[in-house]
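Structure, as structure tokens:
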Amino acid sequence: MGKVVCVLYDDPIDGYPTSYARDDLPKIDRYPDGQSLPTPKAIDFTPGHLLGSVSGELGLRKYVESLGHEFVVTSSKDGPDSELEKHLADAEVVISQPFWPAYLTAERIARAPKLKLALTAGIGSDHVDLQAAIDRGITVAEVTYCNSNSVAEHVVMMVLGLVRNYIPSYNWVLKGGWNIADCVARSYDVEGMHVGTVAAGRIGLRVLRLLKPFGMHLHYTDRHRLPAEVEQELDLTWHETPQDMYPHCDVVTLNCPLHPETEHMVNDQTLKLFRRGAYLVNTARGKLCDRDAIARALESGQLAGYAGDVWFPQPAPRDHPWRTMPHHGMTPHISGTSLSAQARYAAGTREILECHFEGRPIRDEYLIVQGGNLAGVGAHSYSKGNATGGSDEAAKFEKVD
Ligand code: NDP
């Protein structure tokens, strides 16, 4: 029987919750494009409970053990002494969430001779060396759409938070102040501003739809153009490349996957194309941006604000400059792991595992790599290669309790 290794983030510092702020989750029948939500044969968890941390176990233990497999759950993922490293030798499946990614580099894949499935409980499989998975014939799958709308909501929150100067104003309240001029000296309305998304996939298009009622002018760039009726409905301006789009935008949001073609797409050179005082929101992947170029652009005023929830590596070291650079609105990687999203991707993870163990095909929309090539959604949205370089730096993180 096989071994399933599940890498999850730590429980809350006060312990696993015994009660929740709300009693249930709203019912959602389908995603906006009609795709059905995950369809596992059964679930063994309560939707709305914390599933993504170690004690939540993605609600999978009963199911995996009922098949006679060993189920290892750990948050210890980085460095040669990590639990993940110890279990690689006989792991058949490694499950990981992008929020707390189990980096599966080529070296680790080489040390995992039995690995058949790298399963992303969420969206974005850039923590896996896709080229190494292709070469070894490992299947890589993710739960497409499970948290795309969750992230889009976070993007809207961050756009408004930056442009309206929310976090510094909130901090004046905590400090006991009433410093209106300090709060508003950097505060604007989004109405009338031009916002552009790099990629108009599930998240990017949703962001455009959500921002439309604010009276913003909408721009996008993507490898494939949206249908003409969608462009007309939202009055979208399409640009052939990100570089063509940047000069037109007051706000830019990045919503494409990280792969070799997109790594460090925002750098010192491309930032020069931005309008002075533009805002940049990146909830896609930290490595889309050159870390130090972002800090420099905030210090010089070329960017008026930067927000997002994605870093490289993850967890970000304590001395990562994005923790302390001016005018930022960063969170840890949380946008796609609301309790609402967790219920969807825990069910999707179960669905993919059921397919794997029963020898049934995994839905095409969940596949990134299969049979020695990019497959399914992966063949559409990713490019071959590896974007895990430098991930060993994650071992530098020190916990704060
Ligand atoms: P989709 O696959 O629906 O959309 C991705 C889009 O990116 C596609 O339209 C694709 O284009 C486009 N794209 C790929 N490469 C390029 C490129 N070089 N230039 C421009 N566009 C490009 O995925 P989602 O919208 O659901 O998610 C997008 C990304 O967001 C994920 O890959 C992940 O990295 C991140 N994410 C972050 C989360 C978080 O918690 N912060 C949670 C979920 C996702 P096309 O298909 O037309 O080729």
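Note: hydrogens, waters and symmetry copies are ignored here, and every other heavy atom, side chains too, is used.
- Atoms CG and CG, on L254 and N282 in that order, are 4.5 Å from each other to the nearest 0.5 Å.
- In this structure the side chain of R30 reaches within 4.5 angstrom of the side chain of S36, judged on heavy atoms.
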Determine, stepwise, if the pair H356 / E92 fulfils side-chain hydrogen bond (donor to acceptor under 3.5 Å, both in side chains).
-> CA-CA 11 Å; H356 173 75; E92 175 179 337; 2.9 Å; yes
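- Taking CG of N147 as the start and CZ of R344 as the end, the distance is 7.5 Å to the nearest 0.5 Å.
- In terms of modelled atom types and a separation under 3.5 Å, the side chain of T337 and the main chain of I334 share no donor-acceptor contact.
- Side-chain atoms of K3 do not come within 3.5 Å of backbone N or O of H69 as any donor-acceptor pair.
- For the pair R360 and E351, the salt-bridge criterion is not met [side-chain N within less than 4.0 Å of a carboxylate O].
- Y382 and G124 make their closest contact through OH-CA, 3.3 Å (heavy atoms, listed as atom of the first residue, atom of the second, distance).
- Shortest non-hydrogen contact noted between R108 and Y103 is NH1-O, 2.9 Å.
- Ring planes of F397 and W100: perpendicular class, angle over 60° (limits at 30 and 60°).
- In this structure, H217 has its ring center no closer than 6.0 Å to that of H248.
- Heavy-atom neighbours of D23 CG from other residues, nucleotides or ligands within 6.0 Å: at or below the threshold of 12.
- Across all their heavy atoms, L271 and A297 have their closest contact at CD1-CB, 3.9 Å.
- The nearest pair of heavy atoms linking V310 to W322 is O-CZ3, 3.4 Å.
- Using a 4.5 Å heavy-atom cutoff, the side chains of P40 and P38 are in contact.
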Where do L205 and L234 land on the side-chain contact (heavy atoms from CB on, under 4.5 Å) test, with the steps shown first?
-> CA-CA 10 Å; L205 180 57; L234 296 172; 3.9 Å; yes
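- One side chain, T105 or E107, offers a donor N or O that lies under 3.5 Å from an acceptor on the other.
- Put simply, the side chain of R202 never gets that close to the backbone of N149: no donor and acceptor are under 3.5 Å apart.
- Taking CG of L117 as the reference point, atom CD1 of I352 lies at 7.5 Å (rounded to 0.5 Å).
- Shown here is Y166, whose OH atom has no more than 12 heavy atoms of other residues, nucleotides or ligands within 6.0 Å.
- Residue L104 holds its CG atom at 5.5 Å from CD1 of I109, rounded to the nearest 0.5 Å.
- Contact annotation: the side chain of T120 approaches that of P98 to within less than 4.5 Å [non-hydrogen atoms, C-beta and beyond].
- Aromatic ring orientation, Y9 versus F99: perpendicular (interplanar angle above 60°, classes split at 30° and 60°).
- R206 places no side-chain N or O within donor-acceptor distance of the main-chain N or O of G201, the cut-off being under 3.5 Å.
- Q314 places no side-chain N or O within donor-acceptor distance of the main-chain N or O of P101, the cut-off being under 3.5 Å.
- For the residue pair T144 and E365, no side-chain donor N or O sits within less than 3.5 Å of a side-chain acceptor on the partner.
- Applying the 6.0 Å contact sphere to NZ of K116 captures no more than 12 heavy atoms from other residues, nucleotides or ligands.
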Is there a side-chain hydrogen bond (donor to acceptor under 3.5 Å, both in side chains) between Y279 and D250 once you walk through the steps?
-> CA-CA 6 Å; Y279 302 88; D250 305 291; over 6 Å; no
Taking it one step at a time, do Y20 and H49 satisfy ring pair (Phe, Tyr, Trp, His ring centres under 6.0 Å)?
-> CA-CA 7 Å; Y20 290 88; H49 285 192; 4.6 Å; yes
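- Under the 3.5 Å distance criterion, the side-chain polar atoms of D222 are left unmatched by any main-chain donor or acceptor of R225.
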Give the C-alpha distance, both sets of side-chain angles, the deciding distance and a yes or no for side-chain contact (heavy atoms from CB on, under 4.5 Å) between T237 and L218.
-> CA-CA 6 Å; T237 305; L218 308 179; over 6 Å; no
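- Two residues are said to be in side-chain contact when any heavy atoms from C-beta on lie closer than 4.5 Å; V140 and L130 meet this criterion.
- Residues D129 and T388 have side chains that never bring a donor and an acceptor to within less than 3.5 angstrom of each other.
- A side-chain N or O of H259 and one of S383 form a donor-acceptor pair less than 3.5 Å apart.
- Using a 4.5 Å cut-off on side-chain heavy atoms (C-beta onward), L58 and L8 make contact.
- Counting heavy atoms from C-beta outward, L84 and S76 have side chains that stay 4.5 Å or more apart.
- A donor-acceptor pair under 3.5 Å is absent between the side-chain atoms of N179 and the main chain of D182, judged by distance alone.
- Looking only at distances, no side-chain donor or acceptor of S381 sits under 3.5 Å from a matching main-chain atom of G378.
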Could you walk me through whether S169 and R164 pass the side-chain hydrogen bond (donor to acceptor under 3.5 Å, both in side chains) test, one step at a time?
-> CA-CA 9 Å; S169 308; R164 303 199 58 84; over 6 Å; no
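- No donor-acceptor contact under 3.5 angstrom links the side chains of D309 and T283, judged on distance only.
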List the steps, then state whether side-chain contact (heavy atoms from CB on, under 4.5 Å) holds for E70 with E65.
-> CA-CA 6 Å; E70 188 183 347; E65 291 185 344; over 6 Å; no
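- L51 and G59 get closest at one heavy-atom pair: CD2-N, 4.4 Å.
- With hydrogens and angles disregarded, no donor-acceptor distance shorter than 3.5 Å links the side chain of E191 to the backbone of G215.
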Start with the C-alpha gap between C249 and M245, add the side-chain angles, then the distance that decides, and say whether side-chain contact (heavy atoms from CB on, under 4.5 Å) holds.
-> CA-CA 7 Å; C249 296; M245 185 181 79; 3.8 Å; yes
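- Counting heavy atoms from C-beta on, the side chains of V143 and I123 never come closer than 4.5 Å.
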Run the numbers on F312 and H320 for ring pair (Phe, Tyr, Trp, His ring centres under 6.0 Å), then give the verdict.
-> CA-CA 9 Å; F312 188 81; H320 195 295; 9.1 Å; no
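- Heavy-atom neighbours of F357 CZ from other residues, nucleotides or ligands within 6.0 Å: above the threshold of 12.
- Contact check for Y63 versus F71: no side-chain heavy atoms found under the 4.5 Å cut-off.
- We find that E83 and K86 are joined by a salt bridge, their nearest charged nitrogen and carboxylate oxygen being less than 4.0 Å apart.
- For the 3.5 Å distance criterion, the side chains of D135 and Q131 qualify, holding a donor opposite an acceptor.
- Using a distance-only test at 3.5 Å, with no hydrogens or angles considered, a donor-acceptor pair links the side chain of Y220 to the main chain of L226.
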Please assess W311 against H333 for the test ring pair (Phe, Tyr, Trp, His ring centres under 6.0 Å), listing each intermediate value before the final yes or no.
-> CA-CA 8 Å; W311 309 65; H333 193 165; over 10 Å; no
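- Considering all non-hydrogen atoms of both residues, I95 and L353 come closest at CD1-CD1, 4.0 Å.
- Atom CD of E358 has more than 12 heavy atoms from other residues, nucleotides or ligands within 6.0 Å.
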Under the side-chain hydrogen bond (donor to acceptor under 3.5 Å, both in side chains) rule, what do Q97 and Y345 come out as? Steps first, then yes or no, please.
-> CA-CA 10 Å; Q97 301 168 110; Y345 68 69; 2.5 Å; yes
